[in-house]
Amino acid sequence: MVVVFDGMCNLCDFAVQFILRYEANADLRFCPMQTQTGRMLMERHGVNPDDPSTFVLVEGDRIWTKSSAALRVATYLRRPWSWLAVLRYLPATLRDAVYDFIARHRYRWFGRRDQCVVPAAGLQRRFLQDD
């Protein structure tokens, strides 16, 4: 399973760090969408790699985006964080409206980096690297 995220977004970096800290098992891998690998994963699944307003969870041949991806990722977290997955029963249009609002304002509210985040030395194996 691979989480494809905006590697230049401070909020997205915080989300990845949060997942790494509270993940029940080390099942997820991570890939910034700005890398060749991230672009390829997004394109393969029909997601525009030039639109950093979403992150993607790829599970085999299945893809999750926006709020559905976030709530699916919650199932990989330890309790009580995994309980957030119950929000998937809310209508996707409502969930995605909130997601899109935050995505539209995230750079202004949380800031943006000039380059993709570099994982800490002990976590590099969890991040997909371009060859």
Residue pair G38 / C31: nearest heavy atoms and the distance that separates them: N-SG, 3.3 Å
Linked, directly or transitively: L20 and F14 (ILVMFWY side chains, under 4.5 Å): yes
Nearest atoms (heavy-atom pairs only) where S68 meets R95: OG-NH2, 2.8 Å
Worked check of side chain to side chain contact (heavy atoms under 4.5 Å, CB included) between V3 and Y76: CA-CA 12 Å; V3 174; Y76 289 93; over 6 Å; no
With H105 via ring-ring contact (aromatic ring centres under 6.0 Å, His included) - residues at least two apart: F101, W109
Y107-L11 co-clustered via ILVMFWY side chain contacts under 4.5 Å: no
Neighbour count >12 (heavy atoms, 6.0 Å) for atom CG, D50: yes
Euclidean distance, D27 CG relative to I19 CD1, rounded to 0.5 Å: 12.5 Å
Hydrophobic cluster identity match, F110 and F30, side-chain contacts under 4.5 Å: no
Steps toward side chain to side chain contact (heavy atoms under 4.5 Å, CB included) verdict (D13, F5): CA-CA 8 Å; D13 178 52; F5 67 99; 5.6 Å; no
Shared hydrophobic cluster, L87 / L57 (ILVMFWY, side-chain heavy atoms < 4.5 Å): yes
Side-chain heavy-atom pair R72, M1 within 4.5 angstrom cut-off: no
Side chain proximity check, V16 to F55, heavy atoms < 4.5 angstrom: no
Output side-chain donor-acceptor pairs under 3.5 Å for residues 79-86, partner residues at least two apart or in another chain, one line each.
none

Rounded distance (nearest 0.5 Å) linking atom CZ of R106 with atom CG of N10: 10.5 Å
F18, CZ: over 12 other non-hydrogen atoms inside 6.0 angstrom: yes
Pairwise distance OG1(T75) to CD(E59) - rounded to 0.5 angstrom: 6.5 Å
Closest approach of S67 to A92 (non-hydrogen atoms, all atoms of both residues): OG-O, 4.5 Å
R126 side chain near E23 side chain, heavy-atom distance below 4.5 Å: yes
Other ILVMFWY residues reachable from V58 by side-chain steps of under 4.5 Å: V2, V4, M33, M40, L41, M42, V47, V56, I63, L128
Considering all heavy atoms, the nearest G60-H45 contact: O-CE1, 4.1 Å
Euclidean distance, D96 CG relative to T54 OG1, rounded to 0.5 Å: 8.0 Å
